[in-house]
J.: 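Before I ask anything, let me first share the structure, which is written out below as structure tokens.
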Amino acid sequence: MKQNALRLDAFIAPFIDYLTFEKRYSAHTIRSYRDDLEAFWAFLRAEFGEMGLKDITPAVVRTWLASLKDNGLSSRSVNRKISSLRSFYKFQLRVGAVELSPMSAIIAPKTNKRLPVFVERGDMAELFTEVRFPDDWEGWTDRLILAILYHTGMRLSELVHLRERQADMGNRTFKVLGKGNKERVIPVSPVLMEMVEEYKRRKRVELEAPDMEFLLVGKKGKPLYAKYVYRAVREYLAQVTTIDQKSPHVLRHTFATHLMNAGAELNSVKELLGHASLAATQVYTHNTIEKLKDIYKKAHPKA
């Protein structure tokens, strides 16, 4: 065994703690990081035996990436694993475990950009005006889930962790705690705030000993979990759209795309979404351009 022999828990566990308690990443994101790192470590042990952290060179990393491509992994998936390793080594540099990151010499493969999938504006209008939600606790909850996701563009993790105190009726805003523990304020319509207030009132009347901290709860009064939200979104979007993807994140895309198509400034949409950089928001301009092309094609006599 080489000096500074690699021990899985010795290096991964502190990094996962950092993502959990300092970066405050979601459980899903943390699980992805852990899975990527454990897969890398398993490959190292199988191909090279026990190694020290400082023994891992760019060539070693490239060998792993090549094996992933040989096994049919897409460029997008390979890039995610590269991102996991970059973050891991950035942390190791920070704590002094290594002096040089092998990831500095790794070039990510190019990927084809995919336009965000979104629900058409007319379909969203139909969802809230024509679709029937049951007049019971689950129906009220499902309708509010869809309304909040579409009206605010918040992430799934932000929704399920949303506290009652984060909804400010007076200012008609939601104060959201996003990635990296960053707080942002999202203005919302009077209609949505009235829905929230009515939901809170019904919670106190309809349910026995409900959770009073979290806004959204199930019929037993317990905070919602991600699987419930996925089920509700998929079930109701299926009634108004035929797009393949029917998830909470699609409603986030829909929120941003509808804003951009209505002429919202890119920087404003960036702030509402809680993106760290403008580049992450710019993808929605492509949907706007496609919309303009469609309008031109239908309206211009020479199109």
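Sequential numbering from 1 along the given sequence is applied to the chain's residues.
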J.: Less than 4.5 Å apart, side chain to side chain, heavy atoms only: is that true for W140 and E206?
T.: yes

J.: Does D244 CG have over 12 foreign heavy atoms under 6.0 Å away?
T.: no

J.: Would you give the length of the straight line joining atom CD of E99 to atom NZ of K54, rounded to the nearest 0.5 angstrom?
T.: 5.5 Å

J.: Go through the steps to decide whether D55 and F48 satisfy the test side chain to side chain contact (heavy atoms under 4.5 Å, CB included), and finish with yes or no.
T.: CA-CA 11 Å; D55 298 322; F48 303 102; over 6 Å; no

J.: I want to check something: taking the side chain as every heavy atom from C-beta on, are K219 and E138 in contact at a cut-off of under 4.5 Å?
T.: yes

J.: Are L73 and Y33 grouped together when hydrophobic residues (ILVMFWY) are joined by side-chain heavy atoms under 4.5 angstrom apart?
T.: yes

J.: Is the closest side-chain heavy-atom distance between E47 and W64 below 4.5 Å?
T.: no

J.: More than 12 foreign heavy atoms under 6.0 Å from CD of E183: is that the case here?
T.: yes

J.: Side-chain donor-acceptor pair under 3.5 Å between S26 and T29, yes or no?
T.: yes

J.: Answer yes when R231 and D142 have at least one side-chain N-carboxylate O distance shorter than 4.0 Å, and no when they do not.
T.: yes

J.: Before you tell me yes or no, could you show the steps for L85 and D36 under side chain to side chain contact (heavy atoms under 4.5 Å, CB included), namely the whole-Å CA-CA distance, both residues' side-chain angles and the distance that decides it to 0.1 Å?
T.: CA-CA 8 Å; L85 278 182; D36 290 344; over 6 Å; no

J.: If you measure from CG on D35 to CD1 on I30, what distance do you get to the nearest 0.5 Å?
T.: 12.0 Å

J.: Evaluate the ring planes of H275 and Y284, with Trp represented by its six-membered ring, and classify them as parallel (under 30°), tilted (30 to 60°) or perpendicular (over 60°).
T.: parallel

J.: How far does CG of D123 sit from OG1 of T241, to the nearest 0.5 angstrom?
T.: 5.0 Å

J.: State the CG-NZ distance between N181 and K23, to the nearest 0.5 angstrom.
T.: 10.0 Å

J.: Shared ILVMFWY cluster between Y225 and I145, side chains joined below 4.5 angstrom?
T.: yes

J.: Could you grab the distance from atom CG of L273 to atom CZ of R252, nearest 0.5 Å is fine?
T.: 4.5 Å

J.: Taking C-beta and beyond as the side chain, do V95 and F15 meet within less than 4.5 Å on heavy atoms?
T.: no

J.: For L65 and I106, run side chain to side chain contact (heavy atoms under 4.5 Å, CB included): C-alpha distance rounded to whole Å, both residues' side-chain angles, the deciding distance at 0.1 Å, then the answer.
T.: CA-CA 10 Å; L65 299 178; I106 300 299; 3.8 Å; yes

J.: Could you tell me if the side chain of L127 sits less than 4.5 Å from the side chain of Y150, heavy atoms only?
T.: no

J.: Check each of K203, R201, K175 against E164 using the salt bridge (charged side-chain N to carboxylate O under 4.0 Å, His left out) test, and report the only one that passes.
T.: K203

J.: For Y230 and L156: C-alpha separation, side-chain torsions, deciding distance, then whether side chain to side chain contact (heavy atoms under 4.5 Å, CB included) applies.
T.: CA-CA 9 Å; Y230 267 105; L156 171 62; 3.3 Å; yes

J.: Would S77 and S74 count as a side chain to side chain donor-acceptor pair (under 3.5 Å) here? Give the steps.
T.: CA-CA 5 Å; S77 296; S74 68; 3.2 Å; yes

J.: Looking at R34, I'd like to know if its CZ atom is crowded, meaning that more than 12 non-hydrogen atoms belonging to other residues, nucleotides or ligands lie closer than 6.0 Å.
T.: no

J.: Within a radius of less than 6.0 Å around NZ of K200, do more than 12 heavy atoms belonging to other residues, nucleotides or ligands occur?
T.: yes

J.: Ring-plane angle category for H161 and F214, please: parallel below 30°, perpendicular beyond 60°, tilted otherwise.
T.: tilted

J.: For the residue pair S75 and K69, confirm or rule out a side-chain donor-acceptor distance under 3.5 Å.
T.: yes

J.: Does the side chain of T141 come within less than 4.5 Å of V217's, by heavy atoms?
T.: no

J.: If hydrophobic clusters are built by linking Ile, Leu, Val, Met, Phe, Trp and Tyr wherever their side-chain heavy atoms come under 4.5 Å apart, do F255 and V191 end up in the same one?
T.: no

J.: Which ring pair (Phe, Tyr, Trp, His ring centres under 6.0 Å) pairs, counting each pair once, include a residue from residues 180-204, with sequence neighbours left out?
T.: W137-Y199

J.: Charged N to carboxylate O under 4.0 angstrom, R143 versus E198?
T.: no

J.: Do S101 and K90 make a side-chain contact, defined as non-hydrogen atoms from C-beta onward lying under 4.5 Å apart?
T.: no

J.: Less than 4.5 Å apart, any side-chain heavy atom of L162 and any of L216?
T.: no

J.: Once rounded to the nearest 0.5 Å, what's the spacing between atom CE of M260 and atom CD of E265?
T.: 10.0 Å

